Colleague: 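Here it is, the structure, as structure tokens.
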Protein chains: 2
Amino acid sequence: MTTPADAEEPRWLTDDEQHAWQSYLQANMLLEDHLDRQLQRDAGLPHVYYGLLVKLSWAPRHRLRMTELAAAAKITRSRLSHAITRLEKNGWVRREDCPSDKRGQNAVLTDEGFEVLKKAAPGHVEAVRAAIFDRLTPEQIGQFGDICRIIADGLQPEGADLPWLR
Amino acid sequence: MTTPADAEEPRWLTDDEQHAWQSYLQANMLLEDHLDRQLQRDAGLPHVYYGLLVKLSWAPRHRLRMTELAAAAKITRSRLSHAITRLEKNGWVRREDCPSDKRGQNAVLTDEGFEVLKKAAPGHVEAVRAAIFDRLTPEQIGQFGDICRIIADGLQPEGADLPWLR
DNA sequence: CCCCAGTAGTTTAAATTTCAAGAAAGGGCT
DNA sequence: AGCCCTTTCTTGAAATTTAAACTACTGGGG
């Protein structure tokens, strides 16, 4: 005699899984907090906003359609819209109409924004390095990347990739 | 002739490191978003708030000093204060004066809050499992836990641990 | 051409988080 | 006791994020 399907005992996490999960949650909280403060102090913007400038700097002609930028950064269009409004006030980014589609907008990294990025990048890389990569073996770095990729891919809507950004 | 110290070329990330870092950032964004939506839909609270209920449920007598709970959850006391105010409005948590220290407050998980937690836990565990552990080999789970622990420990203020929570 | 479902992006309000400041109590010192 | 510094927690305002509604445009049929 088996238990009814809707009363199945859930598959709780094993000890190893529980340990990994709690460690991840802690690492995450601490890291996000740490990097947010570092960037807020040194560059005057939160980590996610910095990430937007980075994506733009990688794109051809330093510009990207709003939807593409949102997809690259894994944030909602609404959130991006607010963020760009703020970055525009700072003069780091500029909005530009898309010629081919009247609905579209391009977010363009300004020269000033690019300067801010170049100024902030070394300190940020150093912070990331100190928090993560200087503490891991090359083997662990490989494992970390592989594992994160698996998780990210699993949560990714099919074919949601933008070829020109990785 | 060497470059002046303050003009050193920063140690940029290697390709492997860059790959790992971008993968992590994406996994993180997608995961946080996914779990926030799952819990908001199924239990009516964000992931961090759920985490607070979990910590309380693990504590003896289902209660914890504010500072201890904040440390366990790796959030600021200010953030916790606001969060508890909200959870209190929902009736999931109750504030209680600390007998031994008149400055202190205990956050206490109410019976109702515990019920909410028990109701939400299976679905949440399932979501975590589907997003992470069902996609990794046992070996990778071990690696993931080890790596996250190293990162978390590196960002942890010395001796900030609370013995009664892990 | 007109209609219509879908897409791009914005906007509003509500919720959450951050930041800086502040109230209250503890604890050591003289 | 009185003073000083620290710890605990809260508060209020500003910044950011979320959720849902909304405008404008596209593209495909009839």
Side-chain angles (χ1 to χ4, degrees), chain A residues 28-30 32-41 43-52 63-90 93-108 157 160 162, chain B residues 28-30 32-41 43-52 63-90 93-108 157 160 162:
Chain A
N28 211 58
M29 282 294 199
L30 294 168
E32 200 52 39
D33 191 70
H34 183 65
L35 296 180
D36 258 337
R37 288 176 199 285
Q38 184 266 316
L39 281 168
Q40 193 73 59
R41 173 168 45 76
L45 40 64
H47 188 205
V48 173
Y49 289 28
Y50 175 88
L52 296 176
R63 77 195 55 207
L64 234 29
R65 286 286 293 271
M66 294 297 279
T67 297
E68 293 158 4
L69 181 50
K74 315 301 181 201
I75 63 178
T76 63
R77 283 188 302 244
S78 173
R79 185 177 180 177
L80 176 63
S81 209
H82 290 296
I84 294 295
T85 300
R86 195 272 222 188
L87 290 172
E88 212 170 19
K89 278 182 190 137
N90 284 279
V93 170
R94 180 165 41 82
R95 274 184 235 249
E96 199 174 65
D97 290 344
C98 176
S100 58
D101 186 338
K102 276 178 204 151
R103 296 167 302 178
Q105 292 279 104
N106 280 313
V108 187
L162 291 315
Chain B
N28 211 53
M29 282 294 199
L30 293 168
E32 199 52 39
D33 191 69
H34 182 66
L35 295 181
D36 258 338
R37 286 177 201 284
Q38 183 266 315
L39 280 169
Q40 194 71 58
R41 173 167 45 74
L45 41 64
H47 188 204
V48 172
Y49 289 29
Y50 175 88
L52 296 176
R63 75 197 56 208
L64 233 31
R65 286 286 295 270
M66 295 296 279
T67 296
E68 293 158 5
L69 181 49
K74 314 301 179 202
I75 63 178
T76 62
R77 282 188 302 249
S78 173
R79 185 176 181 180
L80 177 63
S81 209
H82 289 297
I84 293 295
T85 300
R86 194 272 221 188
L87 291 171
E88 210 169 19
K89 277 182 191 137
N90 282 280
V93 170
R94 180 166 40 82
R95 273 186 235 249
E96 198 174 66
D97 290 342
C98 177
S100 57
D101 186 339
K102 275 176 204 153
R103 295 168 303 179
Q105 291 279 104
N106 280 313
V108 187
L162 291 316

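Labels below follow one simple rule: chain letters A, B, ... track the order of the sequence lines, proteins then strands, and each chain is numbered from 1. Predicted model only: the values in this text are computed from it and were never measured.
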Colleague: Rounding to an integer number of Å, can you tell me how far B:Tyr50 OH sits from C:dA15 C1'?
Modeller: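 Distance, rounded to whole Å: 21 Å.
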Colleague: Might you point out which heavy atoms bring A:Gly104 and A:Arg65 nearest each other, and give the distance in Å?
Modeller: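 Residues A:Gly104 and A:Arg65, closest heavy atoms: CA-NH2, 3.6 Å.
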Colleague: OH of B:Tyr49 versus P of C:dT17: gap in Å, rounded?
Modeller: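 Going from OH in B:Tyr49 over to P in C:dT17 covers 4 Å.
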Colleague: How close do A:Leu80 and A:Ala70 get, heavy atom to heavy atom, and via which atoms?
Modeller: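 A:Leu80 and A:Ala70 have their closest heavy atoms at CD2-N, 3.6 Å.
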Colleague: Check the distance between D:dT16's C1' and A:Asp36's CG and give it to me in whole angstrom.
Modeller: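 About 10 Å, once rounded to whole Å.
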Colleague: Could you give all pairs that pass the side-chain hydrogen bond (donor to acceptor under 3.5 Å, both in side chains) test and reach residues 75-86 of chain B, with sequence neighbours left out?
Modeller: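 Of all non-adjacent pairs touching residues 75-86 of chain B, those that pass side-chain hydrogen bond (donor to acceptor under 3.5 Å, both in side chains) are B:Thr85-B:Arg95.
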Colleague: Look at the side-chain N and O atoms of B:Arg37 and state whether any lies under 4.0 Å from the OP1 or OP2 oxygen of D:dT18.
Modeller: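 Looking at the OP1 and OP2 atoms of D:dT18, neither is under 4.0 Å from any side-chain N or O of B:Arg37.
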Colleague: May I ask you to say what B:Arg41 touches in the nucleic acid, namely base, sugar-phosphate or nothing, with a heavy-atom cut-off under 4.0 Å?
Modeller: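 Here B:Arg41 touches no strand at all.
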Colleague: Take the protein atom CG of B:Leu35 and the nucleotide atom C1' of D:dT17, then report the distance between them rounded to whole Å.
Modeller: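 Atom CG in B:Leu35 sits about 17 Å away from atom C1' in D:dT17.
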Colleague: Among C:dT16, D:dT16, D:dT8, which is the nearest nucleotide to the side chain of B:Arg77?
Modeller: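 The closest nucleotide is D:dT8.
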Colleague: Please pick, from D:dC9, D:dT26, D:dT17, the nucleotide with the shortest atom-to-atom distance to any side-chain atom of A:Lys102.
Modeller: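 Comparing D:dC9, D:dT26, D:dT17 against the side chain of A:Lys102, the answer is D:dT26.
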Colleague: Rounded to whole Å, please give me the gap between CG in B:Asp97 and C1' in C:dA25.
Modeller: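 From B:Asp97 CG to C:dA25 C1': 12 Å.
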Colleague: Counting distance alone, no hydrogens or angles: does the base of C:dT10 have a donor or acceptor under 3.5 Å from a partner atom on the side chain of A:Ser78?
Modeller: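 Between C:dT10 and A:Ser78, which were checked side chain against base, a qualifying N/O pair under 3.5 Å is absent.
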Colleague: Of all heavy-atom pairs between B:Asn106 and B:Cys98, which one has the smallest distance, and what is that distance?
Modeller: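 Residues B:Asn106 and B:Cys98, closest heavy atoms: ND2-CA, 4.2 Å.
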Colleague: Could you tell me if the side chain of B:Leu52 sits less than 4.5 Å from the side chain of B:Leu45, heavy atoms only?
Modeller: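 They are not in side-chain contact.
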Colleague: Nearest-Å distance, CD1 (B:Ile84) to P (D:dT8)?
Modeller: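 For the pair B:Ile84 CD1 and D:dT8 P, the rounded distance is 17 Å.
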Colleague: Within the pair A:Arg86 and D:dT16, is there a side-chain N or O less than 4.0 Å away from OP1 or OP2?
Modeller: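 A:Arg86 to D:dT16 OP1/OP2: side-chain N or O found under 4.0 Å.
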Colleague: Reading DNA chain D from 5' onward, which residue's closest nucleotide shows up sooner: A:Gly44 or B:Gln40?
Modeller: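 The answer here is A:Gly44.
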Colleague: Whole-Å distance between D:dC9 P and B:Leu69 CG?
Modeller: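 Value for this atom pair: 10 Å.
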Colleague: Nearest to the side chain of B:Arg79, which nucleotide is it out of D:dT26, C:dT17, C:dG9?
Modeller: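 Given the options D:dT26, C:dT17, C:dG9, the side chain of B:Arg79 is closest to C:dT17.
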Colleague: Which of the following nucleotides, C:dA24, D:dT26, C:dG9, is nearest to the side chain of B:Arg103?
Modeller: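 Between C:dA24, D:dT26, C:dG9, the one nearest the side chain of B:Arg103 would be C:dA24.
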Colleague: If you look at every strand shown and take non-hydrogen atoms under 4.0 Å, does B:Asp101 touch a base, only sugar-phosphate, or nothing?
Modeller: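 Sugar-phosphate contact only - B:Asp101 comes under 4.0 Å of backbone atoms but never of a base.
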Colleague: If you round to the nearest 0.5 Å, how far is OH of A:Tyr50 from CG of A:Asp36?
Modeller: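 Separation between the atoms: 13.0 Å.
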Colleague: Would you indicate, yes or no, if D:dC9 has its OP1 or OP2 atom less than 4.0 angstrom from a side-chain nitrogen or oxygen of B:Arg95?
Modeller: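 No, B:Arg95 has no side-chain N/O under 4.0 Å of OP1/OP2 on D:dC9.
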Colleague: Expressed in angstrom and rounded to an integer, what is the separation of A:Asn90 atom CG from D:dA15 atom C1'?
Modeller: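 My rounded result for the distance is 12 Å.
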Colleague: When you measure from the side chain of B:Ser81, which nucleotide among D:dC25, C:dA25, D:dT11 comes out closest?
Modeller: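 Among the listed nucleotides, the one closest to the side chain of B:Ser81 is D:dT11.
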Colleague: Using heavy atoms to find the nearest nucleotide of DNA chain C for A:Arg65 and B:His82 separately, return the residue whose nucleotide is more 5′.
Modeller: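 Counting from the 5' end, the first nearest nucleotide belongs to A:Arg65.
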